[in-house]
Structure formats: structure tokens, C-alpha cells
There are 2 protein chains.
Amino acid sequence: MTSDPRLERRTLTLRDVSEASGVSEMTVSRVLRNRGDVSPATRERVLTAAKRLGYVPNKIAGGLASQRVNLVAVIIPSLSNMVFPEVLAGISEVLDDTGLQPVVGVTNYQPEREEQVLYEMLSWRPSGVIVAGLEHTDASRAMLKNAGIPIVEIMDVDGEAIDSVVGISHRRAGRVMAEEILAAGYRRIGFLGTQMPHDHRARNRLEGFTAVLAEAGLKLEDQEYYSGGSALLKGREMTAALLARRPDLDFLYYSNDMIGAGGLLHCLDAGIDVPGKLGLAGFNGVELLDGFRVKLATMDACRWEVGRKAAEILSGKSGPTHGVRIELTPRLERGQTIRARR
Amino acid sequence: MTSDPRLERRTLTLRDVSEASGVSEMTVSRVLRNRGDVSPATRERVLTAAKRLGYVPNKIAGGLASQRVNLVAVIIPSLSNMVFPEVLAGISEVLDDTGLQPVVGVTNYQPEREEQVLYEMLSWRPSGVIVAGLEHTDASRAMLKNAGIPIVEIMDVDGEAIDSVVGISHRRAGRVMAEEILAAGYRRIGFLGTQMPHDHRARNRLEGFTAVLAEAGLKLEDQEYYSGGSALLKGREMTAALLARRPDLDFLYYSNDMIGAGGLLHCLDAGIDVPGKLGLAGFNGVELLDGFRVKLATMDACRWEVGRKAAEILSGKSGPTHGVRIELTPRLERGQTIRARR
DNA sequence: CCCGTAGGCGTTAGCGGTAACATAGCGATA
DNA sequence: TATCGCTATGTTACCGCTAACGCCTACGGG
């Protein structure tokens, strides 16, 4: 099953190609990397031989010899919500024509896991690191600092960066949404979010949000948290539970669009007057929302753009590869779940 | 910004740790890999020194020397629908305690792209490959065959495998759904799907589906295709368009749950009697559906289990690492959008 | 007291490439 | 014709680590 006995011998090396084409290994190497001067005739011979043998270069050896590796480590908390895949798309798009290749590691929002993943990734000597968030264990920070390669922390700008940073201020995002809600005249506000001790961004948003409420002499009337399971379903259930407990609330702020959408479905099904009697808002600007009859108010986190910018920094396309700081401005999308300002 | 001048010198090697701890490089290597006999005292000294210096091993060099690399290439078409992340989760879960590490490559459903990604991945000499689907370019097949490592093709079993294969029969899945629909008495059936020439699995499902219709003397009454954009929204729009054109249809079969959910939303909003006057069904069993008031009929693609099984084969945990064939049986979830069998 | 044995550690020789330098060939130039 | 300079190619010395082997010491039984 493993194929023709002649082929499976041992693994092919440059030497095999060199013998097959009658030139030195060095010349083969030059042809395969498009580097240095090689006559068209020789190039042709080498390429033919390589293809005929089915030679695949060995980047392990190449990387060791050249002390350069075309990998970029990308470390993110999760793949299961829609948000990070879109960041990845932005990264890939830019990296695709730079010869750099992203390698993804997932931490499940666990700092120790992030540390392990980082250690593992750095041991491949990538030429850059993109990592979500600004909060890391001490060991992680030390590794990142000592790695001697460009580091880009993404998603968030509320904190001290190790090297470069690209993101939005989640605190500001929370403030902006709160201001909008108050301007629309809502006053009895509830919050629904995930039970994620390590989602600092969600926490920052809530902080900014409650700060504005406090300035207006208000506070969150009630809150509800969940963890695990289908976010849409949880949003629906939590909303039902919260409203059963506090039917007097006039606004619900959700920590993400998925549970917000679940809440919206509940309200629509229950015949609640949205946004007249009850307003709703989420966070992220996920595409999913476009499919709903009533569009949820949200705030775009510029995920795609964050990915692009981070990749551009690493690729050196747009200036320096160190110490860059880019704060993007999230766009408020009012949808149809916040009534007009008064 | 790049840190203390003493630290940034050059990159740390085993030699540095060896000098710092007063033993040979080889002993350091043994300690760091937990291999061979080392006295507890020495081990301690070495570990302390390594930690103090912030040493991170160089797997490039290690891999070259040992001719072994703990990477598994995972090649999938997309990250933007919910299906592959769940496969990845299954893979990670199993690989996590084997010392193997998945490296993900995305092809966007393009065979040439798959070929490039594969070439790139093989050049890192991984110890195994997991690749979605059974359809590859000739060059890709050749590379996979000659790589001399375990290959697992996943998701689909309708075709000839290169080495091992784990998945479901999409043709059978289509047949089962069609039988269920006919048994419930639906007769005028429409299909809505993605315009994806390279999604062979969706095509196989449709083939199985129409084959059953044909055996009953029926055919698809109408169909609608889309590409790009928010699947939920597209599902809603396509459903509206199709029903406007053919109000006489009594069943809509969707190629995936996302557009199916969009269609369901349309029907609910339009006050259509589901499943009495119109039945609906999708495919995949995405968790999202749990959040809807009316649950869409679907068929679970065993994504998580597929990932697990594939990883188990590569890890050698459960027998041979070559030539294994595992066909899983998708479970039909009737939800509330197919009426009772007659 | 000698030798076998095993644990603990060092030495050597690559792994498969590439950077850097060396060299051969050859037409142009003085 | 000797010299130069350029292009096309070869040679050499590693890159950082580990497999394989070898040496030394301690120890116990015959």
C-alpha cells in the first residue's frame, strides 16, 4: 500500500536531484529557491529532475542552515466562535503574498495553555508572533521579550504592549454603547455575558459600560452569566430567565452577538416590543445577524482589519516591524433594536 | 525596546545551558527531553540553568538531527463555517496527550491551493497528514503516496482512499434524508445549496437524495444556488425567491444548516405552516439550531468523532496507522420541520 | 580480588541544507 | 596578449541538535 518499492527507498535529498541532473547540490538549491544566477538551461534540467523524482525540499534542514524560517506564530483563544476565524482570514490574506506562513495555536482562554503553546511555537523559531490580548503570564511575557522577533498583540489596546499592538479599545467600545443607550432614553439596564474569567476584553467592555452608567448616576439593574453550550440557545434562555425575574428592565446589553441574537429571538417570539419597550445590543458585528428580520444593534470589532494590520506589521510591508501601535475605531451599528435618540 | 543588551546577544543554544550548568550538551539534551539516565542532582542543575537563561529548545535543529518531528498536517477547506473547527477540536483533544501537534492549512475548496498547502506542509516532514476529502489533484495524490507517512482522509468515505479514511457516506446521508421525506408524504421537493464546484460532499449528498427521488418516480421540482455572503441571510433570500417562483412546493432540502436556518426564519416570519404545508431539512447538526424556537431537521455529520478517530489512527493509539477505514453513521435529527411519517 | 554489569555522562559524526567564498570560462578592453 | 569583470557553478564550513557509541565509576557475587 505504501507504494512502489523503488520509490519508498529512503527520503529524497538535494543530492538525489543533483545526481539526476548532473549539477552540484548548491546549484539545485539555487534553482529551487530562485536565488542567485543560474543559466536557463541548467534551471530547466534541475526542475525537470526534481519534478520527475517528486522531490519535496526539507525546510527543517533549510531553516537550520539559513537561520530563517517563514513561519508566523498566531496564538488565539478559540476557534469556536466566529470571531477569530475572521481575524485569521485577514492575516492569511496579507501573508499570502509575502512568503510567510501562519501557524495557529489555540489556548482556550487559559493563560497556562497560552504559555505552553507559545513555548512550543517559539521552539520552531518563527519570524514573528501574533498573539491575542495583552495579558500573559510572566513567563510568556519573558519569552516574547527575549525571542528577538517582532511581536504583535492584537484585539485590544487597553494595556501595556510588549512590542506592537493592533486593536480597539474595548473599554471605549463599552462606553460608546452605553452613551448611545442612555441617549435613547433607556434607564433600567441589564447585562448578560459569558462566565469567562480570562476574557479580559469582555470585562473591559463591561467596565467602560458601567463607568458611563455610573457617571449618569445609574448602575446595572441585574445580570446573568453562562458558560458552555450553544450561545444562541443560552442567550434565549438567559433572556427569558432575566426578564421573568425583572420584567421592568428596558434594555439588555449582551457581551457578544451570539447570545444577543438568542435574546432577540426570544423577544420576537414572546411578542415583546423591541425597541420600544425593550432595547437590545450585542458586540462583534457577526455576519450571522444579517439573516434576522430585526437586526441587532452591535459594534463591529474590526476583526478582519485587525488581522490585516498585524500581518502587515510583521511582513514589514508598511514601515517598522517593532513598536507600532494601531488603534482602530469600532463602528456602532444601530440595527433596529435601539430606538431613536431623544 | 528589544530589551537588555546582555540578553539580546545571540540566540541561546544547548551550549549556553551546558556551560551554565557545568555538564555536556548531551546531558542537557537528555534532561530537556526526559530521555536516558540522568541523576536527579544533575537534572535539577540543568533545569534551573535552563529556566534562568530562558532557554527555548530549537526544534529545527532537533528535528534535523533526530529525523523526527512531532507535527501533524491538517488540511481543510475552510474555517468560516462551523463544521471544521469542530473537527479540529476532536483532533486536538486526542493529539494533546500524544506529544503530537496539529498544524492547520486552509484550501478554500481549491484543489490547486490544496496542492500548494500540502507541498508546504510536507516540506516540514510531519509525522502524519489529515486531509479533508478524497478528491485531490494527481500531484497531491503522488505527494501523499510518496511521503511515507500515515495519511488519513476525512469526512467522506465515498471513493478510493490513499491510505486510511474516516467519515460518513454523504451519498447515503442524502438517501436517508430523502427516504424520510418521502415517508412523511412530501412530494414536490426543492433544493437549495451552495455554488461550490469543489464541494464533492455536498454533491454526493444531492446525488444520493435525487437517486431516491428517482426510484420513487420523482425529481427535484426546482433548485437555487448561491455563493458568498452570510449563509443565514442567503438562506432567507433564496427561500423567499424560490417560494415566490414555486409556491406549490411542499419540501425544501438545504445543503447545509446555515442556509436551512435562514429558510426556517423566513418561513416562520411569513407565517408558513411548517411542517404541515412545507417541510424543511438541512445538513450538519450545527449547535446553532438549538437556539431556534422550531428546530430544523438535520443530519449530524459526526464531525467531532471524525476528528477524534483520525487523530487516533495517526497516534497509533488504537492499532495500525495505515490502511484503516472507519465509516461512521450519521444520525437523523427530525426536529420539528418534518411532519410524522404516514 | 577480579570481573561483569549498569548507571551516568562525554565524544563523535552526521542530519540536509545554505552563506560565503572560491573558481572556471569567456568576451571586452586596453 | 594580458588584464579585467562578469556570469555560472563548485567547495567548504558550519547551523544546533541527537543517535550511537564509549568511557568511567561504583558495586556485588564468585
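For clarity, every value in this text was computed on a predicted model and none was experimentally measured. To find a chain, count down the sequence lines: A is the first, B the second, and so on, and within it residues start at 1.
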Nucleotides 14-16 of chain D: which of its N/O atoms have a protein N/O under 3.5 Å away?
{"residue": "dC15(D)", "atom": "O3'", "partner": "Gln67(A)", "partner atom": "NE2", "Å": "2.9"}
{"residue": "dC15(D)", "atom": "O2", "partner": "Leu64(A)", "partner atom": "O", "Å": "3.3"}
{"residue": "dC15(D)", "atom": "O2", "partner": "Ala65(A)", "partner atom": "N", "Å": "3.1"}
{"residue": "dG16(D)", "atom": "OP1", "partner": "Gln67(A)", "partner atom": "NE2", "Å": "3.0"}
{"residue": "dG16(D)", "atom": "N2", "partner": "Ala61(B)", "partner atom": "O", "Å": "3.3"}

Looking at Ser29(B), does any N or O in its side chain come under 4.0 Å of the phosphate oxygens OP1/OP2 on dC17(D)? no
Which residues pass the side-chain contact (heavy atoms from CB on, under 4.5 Å) test with Pro111(A), not counting sequence neighbours? Thr137(A), His198(A)
Scan residues 56-75 of chain A for pairs that pass salt bridge (charged side-chain N to carboxylate O under 4.0 Å, His left out), counting only residues two or more places apart or in two chains. Lys59(A)-Glu120(B)
Any residue meeting salt bridge (charged side-chain N to carboxylate O under 4.0 Å, His left out) with Glu19(B), in chain and number order, not counting sequence neighbours: Arg15(B)
Residue list, salt bridge (charged side-chain N to carboxylate O under 4.0 Å, His left out) with Lys317(A), at least two apart or on another chain: Asp97(A)
Under a plain distance cut-off of 3.5 Å, with no hydrogens placed, do Ser39(A) and Arg43(A) share a side-chain donor-acceptor pair? no
Does OP1 or OP2 of dT18(C) have a side-chain N or O of Arg33(A) closer than 4.0 Å? yes
Whole-Å distance, Arg15(A) CZ to dT18(C) C1', equals 15 Å
Nucleotide by nucleotide, nucleotides 5-13 of chain D touches protein heavy atoms under 4.0 Å in the pattern (B base, S sugar-phosphate only, - none) ---SBBB--
Applying side-chain contact (heavy atoms from CB on, under 4.5 Å), name anything that partners Ala132(A), two or more places apart in sequence or on another chain. Pro77(A), Phe84(A), Ile154(A), Met155(A), Arg201(A)
Output all residues satisfying side-chain contact (heavy atoms from CB on, under 4.5 Å) with Glu93(A), sequence neighbours left out; order by chain, then residue number. Trp304(A), Arg308(A)
Global bending angle along the helix from dC1(C)-dG30(D) to dA30(C)-dT1(D), which compares the axes of five pairs at either end, to 10 degrees: 50°
Got a sec, which residues hit salt bridge (charged side-chain N to carboxylate O under 4.0 Å, His left out) with Asp138(B), two or more places apart in sequence or on another chain? none
Let me know the distance between CD of Glu19(B) and P of dG10(C), rounded to the nearest Å. 13 Å
Can Arg141(B) and Asn146(B) be counted as having a side-chain donor-acceptor contact under 3.5 angstrom? no
Applying side-chain contact (heavy atoms from CB on, under 4.5 Å), can you list everything that pairs with Pro57(B), at least two apart in sequence or on another chain? Tyr119(A), Tyr55(B)
Figure out the CZ/C1' separation between Arg68(A) and dA19(C), and round it to whole Å. 9 Å
The complete set of salt bridge (charged side-chain N to carboxylate O under 4.0 Å, His left out) pairs with one or both residues in residues 103-118 of chain B, sequence neighbours excluded, reads Asp96(A)-Arg113(B)
Distance, rounded to the nearest Å, where Asn34(A) contributes CG and dT18(C) contributes P: 12 Å
